[in-house]
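Single-structure report; data block below.
Sequence lines set the chain letters: A, B, ... in the order given, protein chains first and strands last, and positions in each chain run from 1.
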Number of protein chains: 4
Amino acid sequence: MTLNTDNARLRLGMVGGGQGAFIGAVHRMAARIDDQFELVAGALSADPARAQSSGAAIGLAPDRIYDGYEQMLEREAARADRIDAVAIVTPNHLHFPVARRALELGFHVICDKPMTLTTAEAEALVALQAQTGLVFVLTHNYTGYPMVRQARAMVEAGELGALRVVQVEYPQEWLTQAVESKQAEWRTDPSRSGAGGCIGDIGTHCFQLARYVTGLTPEAILADLSSFVPGRKLDDNVNMLLRFVGGARGMLWASQVAPGHDNGLKLRVYGEKAGLEWVQATPNDLIFTPYAAPKQIIARNGGGTLPAARRVTRVPAGHPEGYVEGFSTLYGEAARAIRAHKAGQALDPAVHYPTVADGLEGMRFIAAAVASSAAGGVWTAL
Amino acid sequence: MTLNTDNARLRLGMVGGGQGAFIGAVHRMAARIDDQFELVAGALSADPARAQSSGAAIGLAPDRIYDGYEQMLEREAARADRIDAVAIVTPNHLHFPVARRALELGFHVICDKPMTLTTAEAEALVALQAQTGLVFVLTHNYTGYPMVRQARAMVEAGELGALRVVQVEYPQEWLTQAVESKQAEWRTDPSRSGAGGCIGDIGTHCFQLARYVTGLTPEAILADLSSFVPGRKLDDNVNMLLRFVGGARGMLWASQVAPGHDNGLKLRVYGEKAGLEWVQATPNDLIFTPYAAPKQIIARNGGGTLPAARRVTRVPAGHPEGYVEGFSTLYGEAARAIRAHKAGQALDPAVHYPTVADGLEGMRFIAAAVASSAAGGVWTAL
Amino acid sequence: MTLNTDNARLRLGMVGGGQGAFIGAVHRMAARIDDQFELVAGALSADPARAQSSGAAIGLAPDRIYDGYEQMLEREAARADRIDAVAIVTPNHLHFPVARRALELGFHVICDKPMTLTTAEAEALVALQAQTGLVFVLTHNYTGYPMVRQARAMVEAGELGALRVVQVEYPQEWLTQAVESKQAEWRTDPSRSGAGGCIGDIGTHCFQLARYVTGLTPEAILADLSSFVPGRKLDDNVNMLLRFVGGARGMLWASQVAPGHDNGLKLRVYGEKAGLEWVQATPNDLIFTPYAAPKQIIARNGGGTLPAARRVTRVPAGHPEGYVEGFSTLYGEAARAIRAHKAGQALDPAVHYPTVADGLEGMRFIAAAVASSAAGGVWTAL
Amino acid sequence: MTLNTDNARLRLGMVGGGQGAFIGAVHRMAARIDDQFELVAGALSADPARAQSSGAAIGLAPDRIYDGYEQMLEREAARADRIDAVAIVTPNHLHFPVARRALELGFHVICDKPMTLTTAEAEALVALQAQTGLVFVLTHNYTGYPMVRQARAMVEAGELGALRVVQVEYPQEWLTQAVESKQAEWRTDPSRSGAGGCIGDIGTHCFQLARYVTGLTPEAILADLSSFVPGRKLDDNVNMLLRFVGGARGMLWASQVAPGHDNGLKLRVYGEKAGLEWVQATPNDLIFTPYAAPKQIIARNGGGTLPAARRVTRVPAGHPEGYVEGFSTLYGEAARAIRAHKAGQALDPAVHYPTVADGLEGMRFIAAAVASSAAGGVWTAL
């Protein structure tokens, strides 16, 4: 993999990600690994003092540490060396206003998921992105793991035959008890997280991952959301059935109250000829199970890997790549798309990433799940 | 474990299990391992010639090889050395008539699951067993694995706290394609298998195992049954949601069309304090996951095992016990119950096994699942 | 697999295996599973009272419960319904006198390993067995696991190419501390165990398993034996290098002081084209690793299994067979060999088992290891 | 973890690592992740044209792309904005001349292993480093994995008791056949790799990892080196026994001809009270096995982790960190050491990394192994 095809790094600004934040630091590491971006500006906190200290701590130039996202976007828009793109790593409720303003001012956007608070906001972003033609990358980061791309390529190549059954799950334990951390606080607050708790935070990852790998179109879902911890306002466990166009069937389990699981994302897909299994905690292996034959463990960068996987991997088989590298793949794809945009050139068709359309689909998924469950657990069209 | 506490083996007759049958041979091995039974009579096939050759092949005395179950039960009833118990290992549709006749003639019964073809038949057996007071063991064999008993004992002891989430699955690959084997043929035929295909054959195992370990009472289920292989009359994939009394929630997946899975039975249970995971293919380990602490792998007969598990294990930790040994545990429990019955003594309270009541519950479960799915996938009371 | 090809069970006597013994109970279960033997006589303990109570507990007829092996062998030799074979499950120092007397009186022998206390005794048994032509089965039981037979068949078929590297290990934790159990006591006593402790008890299993699967001929070994627990007279840890004829190289580790390991026997073999890995604790899988290709997990009785493995398996893939079943395979082979001997017929060439020659090889291996280590750890011819 | 405690990145130059090189790209990613270094200068290839194109490809300023290491070190030494440190990522034979010149000119050094071609060179570097007081980091990168640090901290804290047995292995498959790649070519050439092939390339990793985690002092080793592939000049398989001061015993296996293994580094350590197991391919778990108790799986950043591990981790438990992050830990430690050196301050005692002394020990280890094997496999003092 050619990690850097151009001498000049793209210039990145960040909204959110101040001291103590988790995902902002991940974005910064991810942006650095493949050396396509230089973080040069930031509005890292809504609290101006914290924005300043956070910016200084990561070495931003003083004149590019901003007190708020509006300030950052407007002043950057006026600079000759203005940023190319904005990374939005705030709680959910700020994704929309920041992304909208960024697009309006001509910045490419790299945005955390779920994309917005509401479906209406998501629709507005879809329209705005279409109108501006700017690059919009939604960081459904699990699609950046090489063996997830291998799985998708194998499905596309027909190695499983027509798909029948999809099983996806994402159990976590961290909200098993009432938790007071910064991470937990906004994620369990509807005004900042949206209508979904667990369904929005990790259920959307399940849904998008299953969609990405299988290519199946969901037709209807049925959700049974629970909130097990007393006083919790949002769901912390999601049990769901899915029906896909063409007859395939699925199940989805997302939970934040499952002791023993840190980030237990797992996808299994079964077709007429074979199955596939991928587990996020051991992401360098893909298990391929042809019918009535030995199981195969395909190693990242090892025998049997396809170009779609190899083009986004960095180190030899047996040396594990991890979460940050998977995330970094999306930054690499973003860089390629932004460079093509700047150059007015067609994008290499191998390059792809979750888009604003995936973001809208995710918001519709959350809304449907919440509605299905509120109605007692009934089939709800997607 | 004292494997044989009495000099005299109990005398066993078998209905079904002729040459080429799978489960009959398993029952015979299971009955032998702990040396509590001697198989002395058999009506091994509905085809008299095959009944004769099958009986001869396993060394039955010629006068105790019978041409049909009625003949066997009646003639045995007249013998001084009559059999103590009958093992019923036929296709499902014969369970009821054989079991009924056996109970009527005073024989204890060891019967394969699902117990009957219909709920009405199951109710009749419940009544008949109550009336006769005879021992009736339903071979939900997975409850015989020591680490399943360990799991149940840990739940009972409160080591998980109040339970919230139950995940159970049993994927298989063997019916991924249209299969013509003897095993497959009757299992996909409603007249011999009953209203359920996959739901009856392995879905009931999931349900019973979850019930056994958790002690939770199911309130309602919602099933989405599919039949993926063209021409198949019964379901070959079951997606299901469950609601338990008290608020716990569950999911159940059973499939016969999942390439890569031979007998992928797995149970996971999560409570307020900890979780448990058990996998049938590696049955000697139980994974215990206290919240925010390292995972523990508890080995059969190793440190941390409880009396409920140790009393049904045979060999040291690290030497695996398997499927037949798990099955054999039920034969051991049956023997203890039958010996107590014969002696007119109270049964050791540690002894337990799936009963005719479990069989009825299983039939109601199948009926509810089929009804739920037929109605489009709606919540159905249990 | 035809589990019983003859109506009449063979008659078995047992020496050793009284109450509290571990391996005697295993032999009895193993002898029953495939229904080829009926245990009818026993000298289960050197203590007459215990011999009586132990025999009664397992249901032996009073006149065939003997007070010592000489008594048993002599009286049985005089019976019309005399036993066919003797199972020897005593501490090591009794193997030789019992086996010798049994052969002298015309009984087939099934004997635990290591075969004798000394190499000289082993040579005497080899001669006696050759002279009598009786069946002598040494219970190196791991060769009875179907996937060990699969491994051997794959090596023989050339699927690995010429072999280069052999890695075998058998760590246990049970003697990490000074232990006072019956099992531990004689195994750490040179007068009953022989010159080797760990090397004799489990090192010989490693060696024999490696020999069995690879077919390689060892040329020289170099051993570094340790005795870590203060006061222990025999080795409790074995580090060893091996050189094979033709240039292949090996390592062997056996330990009784490795916390975390119950019976961690593992064999790995690497050739010019592929490797194999088998682990006793999960014996139903064989991992096959062709060079530069995905790993394959071959399941017992599943796709890719060879006749050599399938002929000794009992239940479908995914339903685990365990330690007792593996042991039982040797009883099955013993039965086939004894029946052929009785019938004066040639033995099916597929039938095989560890012989008296393997026993002698094992004794030479122990002697060489002890000598190598005593000399400071030097290369010693085998 | 505070990833960047200072605004200004340290300036890094690189020798080696041109297009097509593997380890240079890893060093660059590792240097970027924690954002402590900016690569500003490079002599990336001995071939001037390739040095130029490689430097341009990664965005170096034209005036800091050098044609050779002497040129780079001398010109950089003259700059006001001179580099702080040199990363040496060449084949082994160049480590010494580059490191020597760098130290002479006052540059800190980050150097690949094995440190030199000969023991004499290593001794010279030890002296030069002592004389200059500069920071010298040897990239035995596996010591950067958080759970390796956890293992070391647990041993130090006495959680295993006195150590008895060490098992370390590093099998690879990549040289199973004669391979013509750039990576393979110099590693099998004594003039560029040194006296050891496999023993130098990966055997030293085993040795250093075992030393690092256990703290044991090796007393003597015995090596049996093989070269299986016809025509290969250096060893491709290492079988080794070790004796440690105080009586602990070890085994070491390193192989480049083991099909199925990509980078199968594994360390197991056993003491009087417990054992530990760590596997590089799944580096986020550490298996802790107290005697006679359930196994524990300690997750990186999860319950039971110690400060020594937590201070070098980046993302939550369950999101895997990989090879590059482990490598990056050493760059982070290097940065802390260099900053302390620049500031004339004492180094935080928690900071540590493999030093020039480890490098010398590694060279002595290689020499002893080669000598031991050449003498036929005899015990050789270390």
Item to check | Contacting region of C:N237 [heavy-atom separation from chain D under 4.5 Å] | outcome: side chain
Item to check | Minimum side-chain heavy-atom gap C:N239-D:Q167 below 4.5 Å | outcome: yes
Checklist entry - Can you name the closest pair of heavy atoms from C:K266 and D:K266 and give their distance? => result NZ-NZ, 3.3 Å
Next on the checklist: Counting only non-hydrogen atoms closer than 4.5 Å, does C:W253 touch chain D with its backbone (N, CA, C, O), its side chain (CB onward), both, or neither?
Outcome noted: both
Checklist outcome for this item: Scanning both residues in full, the closest heavy-atom pair of D:Q177 with C:E272 reads NE2-O, 4.4 Å
Next on the checklist: Only pairs of heavy atoms separated by less than 4.5 Å count here; which of C:P171, C:A248, C:P290, C:G376 has the most with chain D?
Outcome noted: C:G376
Checklist entry - Between D:V229 and C:R164, is any pair of side-chain heavy atoms under 4.5 Å apart? => result yes
Next on the checklist: Any heavy-atom pair between the side chains of C:E173 and D:Y270 that's under 4.5 Å?
Outcome noted: no
Next on the checklist: Using a 4.5 angstrom heavy-atom cutoff, name the option from D:V257, D:V378, D:L160, D:L222 with the most pairs to chain C.
Outcome noted: D:L222
Checklist entry - Can you find a heavy atom in the side chain of C:E169 that is under 4.5 Å from one in the side chain of D:R268? => result yes
Checklist entry - So which part of C:A292 gets closer than 4.5 Å to some heavy atom of chain D, the side chain, the backbone, both or neither? => result both
Checklist entry - Is it the side chain or the backbone of C:T176 that comes within 4.5 Å of chain D heavy atoms, both, or neither? => result both
Item to check | Segment of C:L225 engaging chain D (4.5 angstrom heavy-atom cut-off) | outcome: neither
Checklist entry - In Å and rounded to the nearest 0.5 Å, what is the NE2 to NZ distance from D:H261 to C:K295? => result 6.5 Å
Item to check | Non-hydrogen atoms of D:S226 and C:R249 that approach each other most closely | outcome: OG-CG, 3.3 Å
Checklist outcome for this item: Of the listed C:A274, C:G271, C:P294, C:G275, the one with the largest count of heavy-atom pairs under 4.5 Å with chain D is C:A274
